[in-house]
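Reading through the structure tokens given below for one structure.
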Amino acid sequence: MNSKERIIQLRKELHEHNHSYYVLNMPSISDFEFDSLLRELQELEAANPDMYDPSSPTMRVGSDITKEFKQVQHKYPMLSLGNTYSKEEVREFYDRVRRSLNEEFEICCELKFDGTSISLTYVNGTLQRAVTRGDGEKGDDVTANVKTIRSVPLKLSGEGYPAEFEIRGEVLMPWSVFERLNEERAAREEQLFANPRNAASGTLKLQDSSIVAKRGLDAYLYFMLGEALPAEGHYENLQAAARWGFKVSSYTRKCSTLEEVFGFIDAMDVERKNLPFATDGVVLKVNSLRQQKNLGYTAKSPRWAIAYKFQAERALTRLNEVTYQVGRTGVVTPVANLDPVQLSGTVVKRASLHNADIIEKLDLHIGDMVYVEKGGEIIPKITGVDVDARFMLGEKVRFITKCPECGAPLVRAEGEAAHYCPNDVACPPQIKGRIEHFVTRDAMNIDSIGPETIEMLFNYNLIKDISDIYQLQLEDLMFLPRMGQKSAENIVSGIRASLDVPFERVLFALGIRFVGATVAKRLARAFKNIDSLMNASFEELTAVDEIGGRIASAVIAFFSNDANRSLVERLKAAGLQFEVGEEDQQPHSDILKGQSIVISGVFVHHSRDEYKDIIEKNGGKNVGSVSKSTSFILAGDNMGPSKLEKAQKLGVRIVSEDEFLAMITINV
Ligand code: IVH
């Protein structure tokens, strides 16, 4: 078998294994075997660029960074469904359908998946395009991201699919993936996703499909559209879709009486608690496409379908007090303290009240009996007051005007819901939060100091700001309760080691708004030392690649604060790195001087970030998109098709990884 035949064979086998694993949940080979077949295919494809296929299983790893998603007009608008929480309204829907049709009909009952909807177009059995719902008329082209979802077939199997059709469904993030993602985000002090739905839609809008590929999204399909569909019934079409490789829920039932429909609803209200992903109801659809057509649409939704939403689990309990929490960035969150109550398997004592507007809307009084709900969210929330249970009106809850931690008058930015404490230099939780950020792994990496130690050091007045860390002596630490000699020594040596942390991470550790690790790296490279950065003007800052106005303003605001300037001076005196190291100072060469280079694809010898570094160190500039002025494209495996096409059109040279390394060989 020659390599081209082998490529075709491998693609076919991998598509099949993929389907068994991600759609049928029945792995057909081990992960190890799968990975080695995939690697073999990757190598063969790299050696045979003329065999390029955007539907190859190797495309699932994602590659290109999309600056902006292309807006695409939906061929058929993406409508929403009428919603109800009441079985009475389900009965009314059923009766309406019966009266309008005046003939026998069946209802297809399905789960209502709580994710984000997607429309997929297949042409000749190949996934052509994936578009988000958007405003229903136009959506974002997220094809590159959707291709990384293993349960979405890139090529269909079986037969009988129309030459061109659309299939719609829901992209979702399973609970287990959602929980792991949030744990990782908490560890990096990033904002948590409130629920799997937000996590799924946030992930689908990421610009780097290689990150999407690692997020573990899944997709269920529930609606087929097109000219020559295989069957006259919706249910039958979905069964055909399953045969072509789509993931279709097995919790789908055709019912011919209202009692059967109610039976399905009740069964699912129990069963959903055992499902690995979030559902928020049941969708009922008239099964016959002919009957659907007869019933037609209102302006917003089909007359042939309705969504019955499950009541989020709810409990009634007493509101005892409202307290306020101040976060690292100064945002003040009101928290309801409740009589403990059992809710979805856990005891709830506290619930979020979000912001002042919500308190006002609920017209909350202390002592009120309040409804607590735990919907898709992890943090329970108060959704209402049982006004009839009020026999004595308690004190009205009024949002505080001063910071509960430091007494500073709170501020609320125009148009924003949140109040925050502006006293960032002296407000304890803000200081503690900044110190926690300072010691994290990607910052100064002093892992011997955890949140509890910070709390103690702060309470014992040993640290009032970041710079005090560098004044800590072994004796100070030994004096703390529950602190052994060994832990104290670890802390001291961790602090000492942090003096070698390079400037870019020190800059990140300072916790300047919007200056994450990548931005800090760019700023450090561009300005070389803290003094030039502190004195940089808005224009100088925004002249740096990928530094926009928002970041520039935040940097300027930070360094115009005297307290921050003197903090930097104290840290300098302590010996932290405030300029880039020798080797970063000088470019290794100017071999790439004046050249704009686009990086695309997956590489073998170095990561993408390392290649960015290498380009910069050799005097070149890394740019995001291909244009006339691009000098060449550094192309790894599976270079993005749009980039390839553009490069060919503009006649931009394509340089392979090995050629590139040879070019700069002595300068890595
Ligand atoms: S059918 C014209 N079926 O719910 C009917 N939608 O408010 C198209 N959804 O935007 C939708 N599960 O994101 C349908 N089994 C299901 C569904 C479902 C979840 C979502 C979908 C839609 C929204 C409707």
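All ligand and atom numbering here is 1-based and tracks the order in the structure. The shown structure was predicted, so the numbers you read here are calculated from the model rather than taken from an experiment.
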request  = Quick one: look up the protein heavy atom nearest atom 4 (O) of ligand 1 and list residue, atom name and how far away it is.
outcome  = Lys112 NZ, 3.1 Å
query = Do we get Arg314 above Tyr371's six-membered ring, with its NZ or CZ under 6.0 Å from the centre and within 45° of the axis?
reply = yes
query = Where on Phe113 is there a heavy atom closer than 4.0 Å to ligand 1, on the side chain, on the backbone, on both, or on neither?
reply = both
task = Pick out which of Tyr161, Trp244, Phe246 makes a ring pair (Phe, Tyr, Trp, His ring centres under 6.0 Å) with Tyr122.
result = Phe246
request  = Considering only non-hydrogen protein atoms, determine which one is nearest to atom 7 (O) of ligand 1 and report residue, atom name and distance to 0.1 Å.
outcome  = Leu81 N, 3.2 Å
task = Report the nearest protein non-hydrogen atom to atom 2 (C) of ligand 1: residue, atom name, distance rounded to 0.1 Å.
result = Pro302 CG, 3.6 Å
ask   = Do you know the tightest heavy-atom contact between Leu289 and Ala231?
value = CD1-O, 3.8 Å
query = Any ion pair linking Glu373 and Lys381 (charged N to carboxylate O, less than 4.0 Å)?
reply = no
key: Pairwise distance NZ(Lys646) to OG(Ser625) - rounded to 0.5 angstrom   = 5.5 Å
ask   = Less than 3.5 Å between some nitrogen or oxygen of Arg133 and one of ligand 1, yes or no?
value = no
query = What residue and heavy atom of the protein are closest to atom 10 (O) of ligand 1, and at what distance?
reply = Ser117 OG, 3.8 Å
request  = List the atom of Phe178, the atom of Ala199, and the distance in Å for their closest heavy-atom pair.
outcome  = CD1-CB, 4.0 Å
request  = Measure the distance from atom 17 (C) of ligand 1 to every protein heavy atom, then report the residue, atom name and distance (to 0.1 Å) of the closest one.
outcome  = Tyr222 CE2, 3.3 Å
ask   = Which part of Glu170 is near ligand 1, with near meaning a heavy atom under 4.0 Å away: side chain, backbone, both or neither?
value = side chain
message = Given the ring of Phe262, does Lys87 sit roughly above its face, with NZ or CZ under 6.0 Å from the centre of the six-membered ring and within 45° of the axis?
response = yes
message = Please classify the Val283 to ligand 1 contact at 4.0 Å (heavy-atom distances, strictly less than): side chain, backbone, both or neither.
response = side chain
Leu111 contact mode with ligand 1 (heavy-atom cut-off under 4.0 Å) = backbone
query = Below 4.5 Å, heavy atoms only, C-beta onward: do Val335 and Leu353 meet side chain to side chain?
reply = no
Nearest non-hydrogen protein atom, atom 8 (C) of ligand 1 = Phe223 CD2, 3.9 Å
request  = Would you kindly specify which portion of Lys285 sits under 4.0 Å from ligand 1, judged on non-hydrogen atoms: side chain, backbone, both or neither?
outcome  = side chain
